[in-house]
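In this text, all values refer to a predicted model and were calculated from it rather than measured experimentally.
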Amino acid sequence: MSDRFDESSDETLGRRLSGELPRYTAPPRLRVTILEAASPPRRRPAWLAPLLAAAATAMVVALVALPVVPRIVPSDPVDRYMRAVVSEHARTLMWGARHSEILPAALPWLTQESGIALPQVFVGDERLEFVAAEPVYLERQRGVAIHYRDVDGHMLTYIALPAAAGLTIPEPDRVQIGRWRPALLRDSGFAALVWKQKDVACFLVSDMVSADDVETFKEYFARVRATTEPVPAY
């Protein structure tokens, strides 16, 4: 037996195998993987890494700093007070008074808790029903709130707070009601009559913003203003 391979028979066998054996096409995903593996690696631009690092640093700084950045608040004391009393009135509409104290029985307790004494106070009449009285804490000041409801279902909130330094009633917004000239201001769908009684800032807030309602609102102001006298208790 010869140990030599027959080269012609090997070539014949190769041709037969090439022609007779079935061929299968590689799946597209496999072809892409092979081509990517055979291709030289792509180099990232030199500027990309510093850019990504700077963006990540900026994001971290923003996440840390945002919680401690103070919210922008109005610089005018009247605007700040206005937002505070309107928010308190809206809270009362949704959730009711925190304390349902009855006047005049609760006056000593209210004076102690609010820092505002009420030698005279409007307790309601045939048009305005007294609902509740409670101490409040607005603009870092203790004060008193008295809630009324009129015959048409409108809620009114009277609030008295110590007047902040620099608090002045805006002249262009003043309206004449009897012998008084409070300012008529509006915010977030509510109206407020704002005035000062010596060292106390006073507010009467309601949702009475239409032309007809405002005239009635002015009448209610006259009733409350004529019979309520807030003074600092201390």
Side-chain angles (χ1 to χ4, degrees), residues 73-92 97-125 128 130-149 155-187 190-206 208 214 217-234:
V73 296
S75 57
D76 187 348
V78 172
D79 291 339
R80 295 201 309 269
Y81 273 62
M82 181 67 180
R83 288 193 178 185
V85 298
V86 166
S87 295
E88 179 64 19
H89 177 71
R91 185 206 61 78
T92 304
R98 300 181 185 88
H99 301 272
S100 297
E101 304 299 334
I102 304 300
L103 296 179
L107 281 176
W109 178 82
L110 277 175
T111 299
Q112 177 182 342
E113 296 298 318
S114 68
I116 300 291
L118 295 168
Q120 299 181 59
V121 59
F122 179 72
V123 294
D125 58 15
L128 286 176
F130 169 80
V131 176
E134 60 180 335
V136 293
Y137 186 73
L138 305 174
E139 281 298 302
R140 300 183 179 181
Q141 299 277 10
R142 291 190 303 156
V144 62
I146 306 174
H147 309 291
Y148 306 94
R149 183 180 293 106
M155 182 72 76
L156 290 84
T157 299
Y158 168 89
I159 294 178
L161 297 163
L167 178 68
T168 57
I169 306 303
E171 287 295 328
D173 299 307
R174 286 185 180 271
V175 292
Q176 192 72 44
I177 306 176
R179 66 180 186 273
W180 303 288
R181 294 182 65 247
L184 177 59
L185 305 177
R186 292 179 172 83
D187 183 81
F190 295 95
L193 288 163
V194 184
W195 70 101
K196 286 178 66 176
Q197 290 181 237
K198 297 181 179 179
D199 297 327
V200 179
C202 303
F203 307 83
L204 188 63
V205 189
S206 183
M208 305 174 71
V214 165
F217 189 33
K218 292 177 181 178
E219 294 179 13
Y220 294 160
F221 161 83
R223 296 170 186 242
V224 174
R225 176 68 180 84
T227 56
T228 303
E229 189 68 30
V231 293
Y234 309 106

Non-hydrogen atoms of Gly166 and Pro77 that approach each other most closely:
O-CG, 4.0 Å
Distance (rounded to the nearest 0.5 Å) between Cys202 SG and Tyr81 OH:
11.0 Å
For Val205 versus His89, what's the shortest heavy-atom pair and its separation?
O-CE1, 3.7 Å
Could you check whether any side-chain heavy atom of Leu138 comes within less than 4.5 Å of a side-chain heavy atom of Val85, counting everything from C-beta outward?
yes
Report yes if the side chains of Thr157 and Phe203 come closer than 4.5 Å at any heavy-atom pair, otherwise no.
no
So how far is it from Leu156 CG to His147 NE2, rounded to the nearest 0.5 Å?
11.0 Å
Taking C-beta and beyond as the side chain, do Leu193 and Ile177 meet within less than 4.5 Å on heavy atoms?
yes
From Tyr137 atom OH to Glu113 atom CD, the distance as rounded to the nearest 0.5 Å:
13.5 Å
Should Met208 and Tyr220 count as side-chain neighbours, where that means a heavy-atom distance under 4.5 Å?
yes
So, do Pro170 and Val78 sit near enough that their side-chain heavy atoms are less than 4.5 Å apart?
yes
Report the distance from atom CD1 of Ile159 to atom OG1 of Thr92, rounding to the nearest 0.5 Å.
7.0 Å
Nearest heavy-atom approach of Ala226 to Trp180 is CB-CH2, 3.8 Å
Decide yes or no for Pro135 and Arg142: does some side-chain heavy atom of the first lie under 4.5 Å from some side-chain heavy atom of the second?
no
For the pair Lys196 (side chain) and Leu167 (backbone), establish whether a donor and an acceptor sit closer than 3.5 Å, ignoring hydrogens and angles.
yes
Side chain Arg174, main chain Arg181, donor-acceptor under 3.5 Å:
yes
Please determine if Arg83 and Glu139 form a salt bridge, counting it only when a charged side-chain N lies under 4.0 Å from a carboxylate O.
no
Where is the tightest heavy-atom contact between Pro119 and Glu229, given as atom of each residue plus distance?
CD-O, 2.9 Å
Closest non-hydrogen contact found for Ile116 with Gly143 is CG1-CA, 4.1 Å
Atom of Pro182, atom of Phe221 and distance for their closest heavy-atom approach
CG-CZ, 3.7 Å
Looking at Arg98 and Glu88, does any basic side-chain N land under 4.0 Å from a carboxylate oxygen?
yes
Tell me if a side-chain donor or acceptor on Thr227 pairs with a main-chain N or O of Val121 at a distance below 3.5 Å.
no
More than 12 foreign heavy atoms under 6.0 Å from CG of Asp199: is that the case here?
no
What's the verdict on ring pair (Phe, Tyr, Trp, His ring centres under 6.0 Å) for Tyr148 and Phe122, showing C-alpha distance, side-chain angles and the deciding distance?
CA-CA 10 Å; Tyr148 306 94; Phe122 179 72; 5.4 Å; yes
Between CG of Leu128 and CD of Glu219, what distance do you get to the nearest 0.5 Å?
10.0 Å
First locate atom CZ of Arg225, then atom CZ of Arg179, and finally report the distance between them rounded to the nearest 0.5 Å.
7.0 Å
With a 4.5 Å cut-off on side-chain heavy atoms, are Asp173 and Val194 touching?
no
Do the non-hydrogen side-chain atoms of Leu118 and Ile146 ever get within less than 4.5 Å of each other?
yes
